[in-house]
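As a basis for the values below, the full set of heavy atoms in this structure was taken, side chains included, without hydrogen atoms, waters or symmetry mates.
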Amino acid sequence: MKDVTRHVVFLLTFLMGRSGGIELHSGYCIGTQCFALAQDPSDFTTAQNQCRDRGGHLMTVRSTVSHDIFNILLGDITGRFWIGLHLTAGCPDPAADLRGFQWVTKDSESDFLNWAQSFNSSCSAHACVSVSKEDDFKWTQKPCAENAAGFLCEYSFSDPCTGLAAEEGESILYSTPIGFKGEDFLSLPPGTTAVRMPAETTYVCFSQMWMQAPWSCEIHEGGCEHKCTVNPNFESTCYCPAGQTVNPANKVTCEVVANDPCLPLRCAHACFKNERDSYECMCNQGYKLAQDGRTCVDFNDCRDERQCPGENFVCVNHIGGFECVCRDGYKPIGDQCVDVDECASAPCEHMCDNTPGSYACSCYDGYKADPQSMNKCQLHCGMEECPAECDPNDKFQCYCPAGYIAEERGELTVCIDIDECEFVYCDQACKNTFGSYVCSCYPGYKLVGRYSCSKNEDDTDGGSGEGTTPSIPTAPPVPLPDPTRQPSAVTVGGLVGIIVCTVFFVVLVVFLAHHTLSGKGKMESSGELKAAEEEAHGLQTVASDA
C-alpha cells in the first residue's frame, strides 16, 4: 500500500508541478480554483499560451466573487492586465450580454458584466479585453497584438486541502505547484507544500490530506533539507552531509553533531541507523549499493512499469534517476501530453493528415509521392499515355511526368511514354517501364550501379552470355540518368523544328550518296570507251600491214 501511494503522489505532483517560463508574482485560491498574477509584458496570445502551459487559462470573470479577486491581486499595482475575454470573429454585438465577445474557454456564459462606457461596437474595434485599477477594473477593449503590463491566469483542480491551523507564535508558508507562494489561503491544490515555522516541519497536500515529511523522494527530495533516499525497509528517509545528522523532531532538517558515527564508514551517499542500533551505508534514489557496501551504482528506474503511467508519457532513465517526458509527436500542456498538429506548419507539398503522434502526406490525383522526399509530390501517369498537366492560363504550356513526352492532338495535349531502351542506356539488357526503365544483365554477369554489368567472379562457364535470355531483376524501376524535377514539355514549334531538321539531314545524306555513285559510274564508262578505241586502232594497223 505504501508503494502504491508513493507512485500516486509522484504522478500527481509531477503533472501539476511542472512550472517554468513565467514567474507568478502572487496568487489566491478559493474552493477548487486558484488565480495568479504575472507581471510580464505580453500580447494577448502569448499571455494565453503562458497560462495554458501551466495547465490553466486566462482569467474569466463570471461573478462578483471573481471580480473581488482583482482587489486582492491588483490592489496596489498599476497598468493594464489581460483577462480571458476576446472577440473571435466578426463585429461586436451591442445587444448581447458579452457583446459578441467570448471567454477563452469558448463559451459566453456569465453572471457578471462590467463593460467600460467607452465600449466601441464598430467592426474595427479592438478585439481583446484588459482591466486596470485606474478605471475600477472595467472591461476595456485593447489591441490584441499590443503588450499589456501582465495578465491573470485561472486554474482548476480537485481534492483540495484546507489551510493548516497555526498555533500561537507559529507561521505557515505555502508553496503551490502552480508557482506562487503565500501564507493566507482558504484552499490549496494537491502538490502544495507547507512549512510550519519555527519548527520547520514540512507537509505536502495529497487527496485532501496533509502528509508530513519525509514523503516520496521523487517529490521535492521528500521535503528533506539535504537529501532523501529509501532505506532497506522501503521507507523514505532524510540524511545529511558528513558531520551533521537529521533533526529527530522534524525529521527533515540537519544539525551539527560532535561525533558522527557515519564518518568511519566513508559512505558514497548516505548512512542510516539500522534495527541493531549500528550504522551502515545506503544509496540515493536511483542507485543501489555495490558489493563493497560503501559505493553506489546506477540502476534503470524505467524497468518499473509503474513509472510514468500517464497516457502518452514515456520514462527516460538517467544517472541517478529518471524523467517522464511526452512521446514523440506530443507536447506537455497542463497535466497531459497532447498530440502536436504537425499539419499546422504545412510540412506537405499537397495534402496533410494529422495522426496521433505523427502526420501523413498525400498527393492530388495525377501525382505521387517523390521517393527521394516523401513530403513532396511529382507528376505520375502509370499508363502508356495520359493527359498532360497544362497551365490554365496558357494552354500551350503543358507538362508531362518524367519519362514522357508531350504530343498535341487537336485541342488536347497528351503525354506519351518514352521507350528509354532505344537510347541504349543499359550495358546489356533493358526493359522499358511507364515513365522509366530497368537495366539487367545476362547470366554470369551482375548489375553494378544502375546501368553497368560485370562478370561474376565465381562464373565457370567461360561464356559471354550471348544468345541467352537475360535475367530481369525485380528491383524498382531505375530513373533516367541525371533526371530533373522539372516535368518535360515540348511545344508545337519545337516539335516542327525537330521534324524539319530530321528531313533535311536525310535529304542531304541521299544527295551525297547519289552524287558519289553517279561520279563513279561516269569514270567507269569513260574507261571502257577508251579501251574500245585502242582495240579498234590496233585492228586497223594489223589490216594495213597485211
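- A distance of 5.5 Å separates SG in C296 from CG in L289, rounded to the nearest 0.5 Å.
- No donor-acceptor pair under 3.5 Å is formed between the side chain of D159 and the backbone N or O of S207.
- One distance of note links OH of Y367 with NE2 of H380; it measures 13.0 Å at 0.5 Å rounding.
- Of the possible donor and acceptor atoms, none in the side chain of S122 sits under 3.5 Å from a partner among the backbone N and O of N120.
- Of the N and O atoms on the side chains of E154 and T60, at least one donor lies less than 3.5 Å from an acceptor on the other residue.
- A donor-acceptor pair under 3.5 Å is absent between the side-chain atoms of N312 and the main chain of C326, judged by distance alone.
- In this structure, the side chain of S118 does not engage the main chain of A116 through any donor-acceptor pair within 3.5 Å.
- The shortest distance between side-chain heavy atoms of S130 and W82 falls below 4.5 Å.
- A distance-only check finds a donor-acceptor pair linking the side chain of W210 to the backbone of T162 [under 3.5 Å].
- Separation of the H226 and Y239 ring centroids falls under the 6.0 Å cut-off.
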Next on the checklist: What verdict does the side chain to side chain contact (heavy atoms under 4.5 Å, CB included) test give for L152 and F35, after you've listed the backbone C-alpha separation in whole Å, the side-chain angles of each residue and the deciding distance to 0.1 Å?
Outcome noted: CA-CA 7 Å; L152 295 128; F35 304 89; over 6 Å; no
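- Cys pair C262/C267: SG-SG separation is not below 2.5 Å.
- Nearest heavy atoms, D339 versus G329: OD1-O, 3.3 Å.
- Interatomic distance, L265 CG to M282 CE, rounded to the nearest 0.5 Å: 12.0 Å.
- By the 4.5 Å heavy-atom criterion applied to side chains, L74 and I69 are not counted as neighbours.
- Across all their heavy atoms, F101 and C128 have their closest contact at CE2-N, 4.4 Å.
- With values rounded to the nearest 0.5 angstrom, S26 atom OG is found 5.5 Å from I77 atom CD1.
- W103 has its side chain within reach of V61: a pair of non-hydrogen atoms, C-beta onward, lies under 4.5 Å apart.
- Of all heavy-atom pairs between P92 and C123, the closest is CD-CA, 4.3 Å.
- Between C352 and C361, a gap of 2.5 Å or greater is found separating the two SG atoms.
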Next on the checklist: Would D292 and R266 count as a salt bridge (charged side-chain N to carboxylate O under 4.0 Å, His left out) here? Give the steps.
Outcome noted: CA-CA 11 Å; D292 61 8; R266 297 184 297 113; over 6 Å; no
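- Summarising the local packing, CG of D328 is surrounded by 12 or fewer heavy atoms from other residues, nucleotides or ligands at distances under 6.0 Å.
- Within the 3.5 Å criterion, the main-chain N or O of F119 finds no donor-acceptor partner in the side chain of W115.
- On the SG-SG cut-off of under 2.5 Å, C324 and C315 do not qualify.
- C271 has its SG atom at least 2.5 Å from the SG atom of C281.
- C400 does not pair with C381 as a disulfide, the SG atoms being 2.5 Å or more apart.
- The backbone N or O of Y364 sits less than 3.5 Å from a side-chain atom of H350, completing a donor-acceptor pair.
- Between C343 and C348, the SG-SG separation does not fall below 2.5 Å.
- Taking CD from E221 and OG from S216, the interatomic distance works out to 10.5 Å, rounded to the nearest 0.5 Å.
- The shortest side-chain heavy-atom distance between R62 and D107 falls under the 4.5 Å cut-off.
- Between V246 and C238, the shortest heavy-atom distance links the atoms CG2-O, 3.3 Å.
- Inter-residue side-chain proximity for K368 and Q378 is flagged as met; some heavy-atom pair is nearer than 4.5 Å.
- Counting only heavy atoms from C-beta outward, the side chains of T140 and R80 approach each other to under 4.5 Å.
- Within the 4.5 Å cutoff, no side-chain heavy atoms of C302 are placed close to those of Q307.
- W139 places no side-chain N or O within donor-acceptor distance of the main-chain N or O of I83, the cut-off being under 3.5 Å.
- A distance-only check finds a donor-acceptor pair linking the side chain of N114 to the backbone of F137 [under 3.5 Å].
- Sorted by first and then second residue, the salt bridge (charged side-chain N to carboxylate O under 4.0 Å, His left out) pairs with a member in residues 195-214 read E170-R196; sequence neighbours excluded.
- Relative ring orientation between F185 and Y174 is described as perpendicular, the plane-to-plane angle rising above 60° on a 0-90° scale split at 30° and 60°.
- Listed here is the closest heavy atom pair of F44 and L85: CE1-O, 4.1 Å.
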Next on the checklist: Between S373 and D370, is the side chain to side chain donor-acceptor pair (under 3.5 Å) condition met? List the steps.
Outcome noted: CA-CA 5 Å; S373 181; D370 185 346; 5.7 Å; no
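- One side chain, D135 or S132, offers a donor N or O that lies under 3.5 Å from an acceptor on the other.
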Item to check | Derivation of the side chain to side chain contact (heavy atoms under 4.5 Å, CB included) call for T176 and L188 | outcome: CA-CA 7 Å; T176 67; L188 294 142; 4.2 Å; yes
Item to check | side chain to side chain contact (heavy atoms under 4.5 Å, CB included) between D93 and R99, intermediate numbers included | outcome: CA-CA 4 Å; D93 180 8; R99 304 188 180 182; 5.5 Å; no
Next on the checklist: Test side chain to side chain contact (heavy atoms under 4.5 Å, CB included) on Q33 and Y155; report intermediate values, then the result.
Outcome noted: CA-CA 6 Å; Q33 290 182 307; Y155 305 89; over 6 Å; no
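- Counting non-hydrogen atoms of other residues, nucleotides and ligands closer than 6.0 Å to CG of D184 gives a total of 12 or fewer.
- Between V131 and F70, some side-chain heavy-atom pair lies under the 4.5 Å cut-off.
- Note that OG of S66 is 9.0 Å distant from CZ of F112, once rounded to the nearest 0.5 Å.
- The closest donor-acceptor contact from the side chain of K133 to the backbone of G75 lies under 3.5 Å.
- Here the two cysteines C377 and C363 have their SG atoms closer than 2.5 angstrom.
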Next on the checklist: Apply side chain to side chain donor-acceptor pair (under 3.5 Å) to residues T45 and D43 and explain how you reach the verdict.
Outcome noted: CA-CA 6 Å; T45 301; D43 59 40; 4.7 Å; no
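- Taking each heavy atom of P177 and P190 in turn, the nearest pair found is CG-O, 3.4 Å.
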